[in-house]
Amino acid sequence: MATTDKNDKSDDRYTVPALMRGLQLLMLFNRDERELTGAEISRRLDLPRASVFRMLQTLEQGGFVERVGDGAYYKLGLAVLRLGFEFLASMELTEHGRPVLEALRDACGYSAHLVVRDAREVVFIAKVAGRSALFHSIQVGARLPAHATVLGRLLLSDLDMHALKQLYPEAELPTYTPKTPTTLKQLKLLIDQDRANGYGVSQGGFETGISTIAAPVFNDRGEVAAAVSISVPAQNVQPGELEVLIEHVRQAATQLTERISHTPNRGAWQPKPTEKKVA
C-alpha cells in the first residue's frame with residue numbers, strides 16, 4: 001500500500017483557500033492594470049461578487065488595497081509597497097550590494113544598479129545615484145523586459161535553448177527598438193556573446209541616449225544570481241573610456257560575487273559541479 005509523505009509540499013491539506021484567493025487577488029494588479037473593479041476581479045477569479053467584496057474590504061482595512069476616489073475601482077495600497085521594501089532590505093544581495101555600488105559610483109561617477117531576474121523581467125533591487133543631477137537613472141522596483149536588455153541577457157545566460165523556449169514560447173519576441181532580438185536564435189546568440197566576454201554593453205540599445213555596462217554576479221553554486229551595471233548618459237562611449245568603465249563594473253561584480261558566495265576569485269563563468277569535461 002502506498003504511503004503519503006507527511007512533508008510532501010504538494011499536499012494541500014495545509015493550504016488556506018481564503019488566503020490563497022486573497023493573494024491571487026493582489027497578483028491581478030500589475031503595471032498595465034493598476035486599477036480594477038470588484039466585478040472584474042470577480043470575473044477573473046471566478047468567484048461570487050459578495051466573496052470578492054468581503055476580500056476587498058479585508059485587504060483595504062490592512063492597507064493592501066485602496067479605493068480609487070468614490071468609484072468602483074481599487075488599486076494596490078501602501079502596505080504592499082512596505083512589504084516590497086522590507087523584502088529588498090532583507091536580501092543578502094542588497095545588504096552586500098550597496099557598498100559595492102557606492103564604490104563603483106565613486107570610481108566612475110555614474111549611477112550604479114543591482115538587478116535580478118523575475119521570469120521574463122529584470123527587476124532593479126538597489127541603486128546608487130550618480131554625480132550628475134541632470135541625469136536621473138531608473139528607480140528601485142522598476143522592471144524591464146529581459147530579452148530586450150543587456151541586463152536580461154546576462155541574467156538569462158544560465159538557460160539553455162530548451163529552457164529559453166519554455167520561457168518564450170511565442171514565435172516572435174516583442175520588439176522595443178530596432179536592436180531588440182526578435183527570435184530566440186538571435187537572443188541566444190547575444191547571450192552567448194556576452195557570456196564569452198564576461199560582461200555586456202548596450203549603447204542606445206533599449207533607450208536612446210543611454211549606454212549600459214553590466215557584469216554578472218554569481219552565487220555559491222556558480223549560477224548567475226544578479227548583475228551589476230552602470231548607466232552612462234550617452235548614446236556612445238568612447239573606446240578608451242569604455243574599456244576603463246568595463247573594468248570597473250567587472251571588478252564590482254567580482255567583489256559582490258565573493259561577498260555572497262563566500263568564495264574568493266569567483267568572478268567569471270565556470271563549469272557547474274555536475275558538468276564534466278570530456279578528454
Side-chain angles (χ1 to χ4, degrees), residues 1-97 114-126 139-146 152 155-156 158-159 162-170 219-221 223-226 260:
M1 180 181 295
T3 58
T4 301
D5 186 352
K6 293 182 179 180
N7 295 321
D8 186 357
K9 293 182 180 180
S10 64
D11 193 338
D12 61 1
R13 290 177 299 170
Y14 305 108
T15 300
V16 181
L19 176 58
M20 182 63 70
R21 288 194 292 269
L23 295 173
Q24 291 171 342
L25 187 157
L26 291 175
M27 292 297 290
L28 291 177
F29 295 91
N30 55 55
R31 68 192 319 184
D32 297 318
E33 295 181 290
R34 301 180 181 181
E35 300 177 0
L36 294 170
T37 65
E40 179 64 18
I41 293 171
S42 174
R43 184 186 67 80
R44 295 194 188 184
L45 295 180
D46 193 23
L47 292 173
R49 292 194 181 188
S51 298
V52 170
F53 175 77
R54 289 195 296 270
M55 292 165 62
L56 286 169
Q57 288 295 304
T58 302
L59 291 169
E60 185 176 11
Q61 289 178 12
F64 291 95
V65 298
E66 298 176 1
R67 190 184 296 270
V68 181
D70 296 326
Y73 284 87
Y74 289 84
K75 64 180 180 179
L76 292 178
L78 290 177
V80 174
L81 184 63
R82 278 199 306 273
L83 282 178
F85 280 120
E86 289 299 327
F87 170 71
L88 292 178
S90 69
M91 291 180 66
E92 186 181 30
L93 267 173
T94 55
E95 179 183 350
H96 289 300
L114 181 62
V115 301
V116 296
R117 181 171 66 88
D118 179 15
R120 294 167 52 132
E121 294 182 314
V122 171
V123 184
F124 287 73
I125 64 171
Q139 300 300 312
V140 171
R143 291 172 175 262
L144 296 177
L155 296 172
L156 290 166
D158 281 338
L159 302 185
H162 176 70
L164 284 173
K165 287 180 179 178
Q166 290 184 317
L167 191 61
Y168 297 99
E170 60 268 39
N219 60 24
D220 57 350
R221 296 181 298 276
E223 302 164 337
V224 177
I260 68 168

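Since this is a predicted model, take the numbers as computed values, not measurements.
The pair Arg44-Glu40 meets the salt-bridge criterion, since a charged nitrogen lies less than 4.0 angstrom from a carboxylate oxygen.
With a 4.5 Å cut-off on side-chain heavy atoms, Leu167 and Arg120 count as touching. For the pair Arg34/Leu76, no side-chain contact is recorded, criterion being any heavy-atom separation below 4.5 Å from C-beta on. Residues Leu47 and Leu25 have side chains not in contact (no heavy-atom distance under 4.5 Å, counting atoms from C-beta outward). By the 4.5 Å heavy-atom criterion applied to side chains, Gln57 and Glu60 are counted as neighbours. In this structure, the side chains of Gln139 and Phe124 stay at 4.5 Å or more apart for every pair of heavy atoms. Using a 4.5 Å cut-off on side-chain heavy atoms (C-beta onward), Val123 and Val115 make no contact. For the pair Ile260/Asp220, no side-chain contact is recorded, criterion being any heavy-atom separation below 4.5 Å from C-beta on.
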*asked:* Could you walk me through whether Phe29 and Ile41 satisfy the side-chain contact (heavy atoms from CB on, under 4.5 Å) test, starting with their C-alpha distance in whole Å, then the side-chain angles of each, then the deciding distance to 0.1 Å, before giving a yes or no?
replied: CA-CA 10 Å; Phe29 295 91; Ile41 293 171; 4.2 Å; yes

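Remark: Thr58 OG1 to Phe53 CZ distance equals 9.5 Å, nearest 0.5 Å. With rounding to the nearest 0.5 Å, the separation of CD1 in Ile125 from CG in Leu114 is 4.0 Å. Taken to the nearest 0.5 Å, the CZ atom of Arg143 stands 4.5 Å off from the CG atom of Asp118.
When all heavy atoms are compared, the tightest approach of Ala226 to Leu93 is CB-CD1, 3.9 Å. The minimum heavy-atom distance linking Leu156 with Ala146 is given by the pair CD1-CB, 4.1 Å. Among all heavy-atom pairs drawn from Pro48 and Ser42, the shortest one is C-OG, 3.8 Å. Minimum heavy-atom separation, Val122 to Leu155: CG2-CD1, 4.0 Å.
Remark: side-chain polar atoms of Asp158 are paired, donor with acceptor, to backbone N or O of Val224 under 3.5 angstrom. At least one donor-acceptor pair under 3.5 Å links the side chain of Arg117 to the backbone N or O of Ala119.
The list of side-chain hydrogen bond (donor to acceptor under 3.5 Å, both in side chains) pairs with a residue in residues 21-30, not counting sequence neighbours, is empty.
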Distance-only criterion, 3.5 Å: show the donor-acceptor pairs between side-chain atoms of residues 61-74 and protein atoms not counting sequence neighbours.
residue	atom	partner	partner atom	Å
Arg67	NH1	Gly71	O	3.4
Arg67	NH1	Tyr74	OH	3.4
Arg67	NH2	Tyr74	OH	2.8

